[in-house]
**Q** 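Sharing a structure, written as structure tokens. Questions coming.
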Amino acid sequence: MAILNNRLSAEQYKEHFSDIHPPFETKEAAMVEANRCLFCYDAPCMKSCPTSIDVPKFIKQITTENIKGSARTIFSSNIMGAGCSKVCPVEKLCEGACVYNFMDEAPIPIAKLQRYSTETAMKNNWHLFERKKSTGKKVAIVGAGPAGLSCAHVLSREGIDVTIYEKESKGGGLMTYGIAAYKVTPEFCEDEVNYITAIGGIDIKYNHALGKEVTLEQLQQSYDAVYLAFGVGLARQLDIPGEQLEGVVDAIRFIYHLRTQGYSAISVGDSVAVIGMGMTAIDAATQAKRLGAKHVTLIYRRTEAEMPCTQHELDIAKLDGCEIIWLAAPKEIIGQNGKVTQLICDVMKLGEVDSGGRRSPIPTGETFSLNVDMVIKAAGQIPFESLVSQEQIEHKQGKITVKEKTATNLKGVFAGGDCVNGGKEVVDAVQAGKDGAAAIMRYITL
Ligand code: SF4
């Protein structure tokens, strides 16, 4: 067993990381699907979208070939509507709520239609929003991810000048650095950031981290308000023996490197264990397999009924050939010469329902071992606790405490997205950014 890079040919990498949900091949194909929509009154698809996109309206606009209007309808509610059409777990949101599900027919492919309109707008560089005359007000945003960009776009439309401080060298946040490359490419993420900021009045200062290149006090002194949207950090530690061995990696770092260094540069083991069953765990497992790992096993301490990922994501992992071991928790990682050789797991059973509403996993006393040369940790992410403490921001275990959805304990400082909720979907972060912008506008116009 060995951890190696460059396992595949250029053609194989291209094939393995090509778009998992290809767009409509023709306008007619999009029309056929759009015309199936029943344009429901009180549409459940719209209600299940965290950004409340008017789904029947944008689909109706497609049927009348008003693609510009359709894109505007989507972007009015969700400025990252193009990216969300690729990464949203639609099976548990809009498409999962489509009335066709109750008629035992395939739901309307809402995401694919949304992609059709928004990508057409991006390709044609249609500028669908006007920025109002400058008000002279200035807002600083920390983080150029979905919450920060969404907040910035709303504020800029209202004539407020926005400066975003981003610690990375590119914008997009989780979209750019933390999602499987076969769902959304780095090139698309860059195009999306450029499309959003093309409205003007948004300046992004890259390689500027809060607490390093800039402090919260400096931002409070220089701007009328501050919006914190810096997301969450690295994967939670397993706190088991052997975690320091060569071959144990953090899922977020693994995906980050894959997206920033190119596929052939990324080393992957022959036999990989991935700990966790959230979206990041699935993304890490499927990408390890697509990089050329021979065996990939997902380890989860509960059962399929409690898993945090969607059934669709689980199906992708299974189709990619990943194995799943339910009711198992890592106990120890064994190594030789400093390198991983085995993972020892506890066999678990489910006990009482815990405070989170799920049955707690309890060790049965039995164990088993897997021969592996790589362990990827994807058991949740940790908020930036020391950063928020250092900046005197009230928090609970690193998650920023807010009132009325978005106000922090500090005057003129607002927060939203993953740094508040600990990590949700991209579409939730977009809505948080809209809520933040609304609160900031109320605050600076008082
Ligand atoms: Fe169309 Fe389905 Fe939404 Fe009804 S629920 S408006 S059929 S997409």
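What you see is a predicted model, and the numbers here were worked out from it, not measured in a lab. Remember, it's 1-based here, ligands and their atoms both numbered in the order they're listed.
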**Q** Which protein N, O or S atoms lie under 2.8 Å from atom 1 (Fe) of ligand 1?
**A**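 Listed by chain and number, the nearby protein N, O or S atoms are Cys37 SG.
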**Q** When rounded to the nearest 0.5 angstrom, what is the spacing between CG in Asp161 and OG in Ser156?
**A**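 It comes to 7.5 Å.
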**Q** How many angstroms lie between OG in Ser70 and NZ in Lys57, if you round to the nearest 0.5 Å?
**A**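 If I round to the nearest 0.5 Å, the distance is 10.0 Å.
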**Q** Nearest 0.5 Å, what's the CG-OG1 distance between Leu219 and Thr163?
**A**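 These two atoms lie 9.0 Å from each other.
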**Q** Taking the ring centre of each residue, are His16 and Tyr263 less than 6.0 Å apart?
**A**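 Not close enough - the centres of the two rings lie 6.0 Å or further apart.
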**Q** Check residues 274-285 and write down every donor-acceptor pair under 3.5 Å in which the side-chain atom is one partner and the other belongs to a residue at least two apart or another chain.
**A**
from	atom 1	to	atom 2	distance (Å)
Asp283	OD1	Lys183	NZ	2.8
Asp283	OD2	Ala180	N	3.1

**Q** For the atom pair CZ (Arg359) and CZ (Arg302), what is the distance rounded to the nearest 0.5 Å?
**A**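 The CZ atom of Arg302 is 10.5 Å from CZ of Arg359, to the nearest 0.5 Å.
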